**Q** 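First, the structure itself, so that you have it in front of you.
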There are 2 protein chains.
Amino acid sequence: MNAQFKKGVLEMCVMALLGFRDRYGYELVHEISERFEISEGSIYPLLRRLLTEGYVSTYLQESVEGPARKYYSLTENGFQARNELIKEWNDFSNAVCGLIEEMTHAER
Amino acid sequence: MNAQFKKGVLEMCVMALLGFRDRYGYELVHEISERFEISEGSIYPLLRRLLTEGYVSTYLQESVEGPARKYYSLTENGFQARNELIKEWNDFSNAVCGLIEEMTHAER
DNA sequence: TTTAGGTATCTTGCATTGCAAGATAGTGAA
DNA sequence: TTCACTATCTTGCAATGCAAGATACCTAAA
């Protein structure tokens, strides 16, 4: 999978997932990887970025099957940014898909 | 518009357009900008990249309304790369849109 | 006890690419 | 001659995904 396509989209996907419920990093990696492959080296720096930008807050929670998990939770600002990002993605992907369709089915 | 979203996608759009007919750089900028904003500083280095990778060839053609135009034409390899890129984009954008939908209309 | 594998977090530095900013130059009209 | 439009090109910065590796907890098998 083209790594360039993911630029910026990964951030939006993480925020979309967090808008539904709190999650921890390792969980996010595996959930997103069901759709398209990503690695831990992408997620943790991204989560740190969201934290310093004030879009998420964190809390630790113990686990029965391994080390403690650091959960991430969207802040009010995070929700707003999430919604804007989703809107931008929808506009963008519609524009791109429209262009592709015109350029590949332009015979008719 | 989120500049990160365009990474890699701009290349695919250019190749999609060139797959339909030959175009020159300035023309590509304006055609793509009808869908989403891009600048000349993005197109010309990209076209040079496609040239060195052997995906396009070029030829000059005079114009009645300004300096000569450098037209870009997809090579055989370029067509193949174009089709693969479009397929990858379709898979990727479907995956992302599916995730977004599930995370925003997950009440039901 | 030791080993192995799954779970979980984190850091460093590289590669890629869009873009702002600016340079250059042809054409035609005011 | 001045302006606007057309057209190409270069430089260097900013952003971000990821490979690679380190650390550490827990459980179960050997």
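In what follows, every heavy atom counts, from backbone to side chain, and hydrogens, waters and symmetry copies are set aside. Residue numbers start from 1 in every chain, and the chains themselves are labelled A, B, ... in the order their sequence lines are given, proteins ahead of strands. For clarity, every value in this text was computed on a predicted model and none was experimentally measured.
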**Q** Given that A:Q4 and B:V64 both sit by DNA chain C, which one's nearest nucleotide is further toward the 5' end?
**A** A:Q4

**Q** Taking CD from A:E11 and C1' from D:dC18, how many angstroms apart are they, rounded to a whole number?
**A** 16 Å

**Q** Say whether, by atom type as modelled, one donor and one acceptor occur between the side chain of B:K7 and the main chain of A:A3 under 3.5 angstrom.
**A** no

**Q** Walk me through it: do B:D22 and B:Y59 pass the test side chain to side chain contact (heavy atoms under 4.5 Å, CB included)?
**A** CA-CA 10 Å; B:D22 296 356; B:Y59 55 93; 2.7 Å; yes

**Q** Distance check needed: D:dT6 P versus B:E27 CD, whole Å only.
**A** 12 Å

**Q** Between A:S63 and C:dA8, does any side-chain N or O lie under 4.0 Å from OP1 or OP2?
**A** yes

**Q** Report the distance from atom CG of B:L85 to atom C1' of C:dT17, rounded to the nearest whole Å.
**A** 14 Å

**Q** Grab the CD-P distance between A:E62 and D:dA24 for me, whole Å please.
**A** 18 Å

**Q** Roughly how many Å is it from CZ in A:R69 to P in C:dT7, rounded to a whole number?
**A** 10 Å

**Q** On DNA chain C, nearest-nucleotide positions of B:P67 versus A:A68: which is more 5'?
**A** A:A68

**Q** Please state how far atom CG in A:L51 lies from atom C1' in C:dT11, giving the value in whole angstrom units.
**A** 16 Å

**Q** Would you check if A:H30 and A:Y26 make a side-chain contact, meaning some heavy-atom pair closer than 4.5 Å?
**A** yes

**Q** Does a side-chain N or O from A:R48 land closer than 4.0 Å to OP1 or OP2 of D:dT16, or not?
**A** no

**Q** For B:L46 and D:dT10, give me the distance from atom CG to atom P, rounded to whole Å.
**A** 14 Å

**Q** Need to verify one output field. Residue with the more 5' nearest nucleotide on DNA chain D, B:Y72 or A:A3?
**A** B:Y72

**Q** Rounded to whole Å, how long is the line connecting atom CZ of A:R23 with atom C1' of C:dT9?
**A** 19 Å

**Q** Which nucleotide sits closest to the side chain of B:K70: D:dT8, C:dC19, C:dT9?
**A** D:dT8

**Q** Does anything in residues 35-42 of chain B come within less than 4.0 Å of DNA chain D? Heavy atoms only, and list the residues if so.
**A** B:E40, B:G41

**Q** Under 4.5 Å between any side-chain heavy atoms of B:Y24 and B:S63, yes or no?
**A** no

**Q** Looking only at side-chain N and O atoms, does A:K6 come under 4.0 Å of OP1 or OP2 in D:dC18?
**A** yes

**Q** If only side-chain N and O atoms of B:K7 are considered, is one of them under 4.0 Å from the OP1 or OP2 phosphate oxygen of C:dC19?
**A** no

**Q** Look at the side chain of B:T75 and the backbone N and O of B:G54, then say whether any donor-acceptor pair between them is shorter than 3.5 Å.
**A** yes

**Q** Please indicate whether B:R21 has more than 12 foreign heavy atoms, meaning atoms of other residues, nucleotides or ligands, lying under 6.0 Å from its CZ.
**A** yes

**Q** Is the OH atom of B:Y72 crowded by more than 12 outside heavy atoms at less than 6.0 Å?
**A** yes

**Q** Please determine whether a side-chain nitrogen or oxygen atom of B:R49 lies at a distance below 4.0 Å from atom OP1 or OP2 of C:dG18.
**A** yes

**Q** Any side-chain heavy atom of B:S42 within less than 4.5 Å of one from B:L10?
**A** yes

**Q** Are B:Y24 and D:dA7 close enough that a side-chain N or O sits under 4.0 Å from OP1 or OP2?
**A** yes

**Q** Under 4.0 Å between a side-chain N/O of A:Y26 and OP1 or OP2 of C:dT9, yes or no?
**A** no

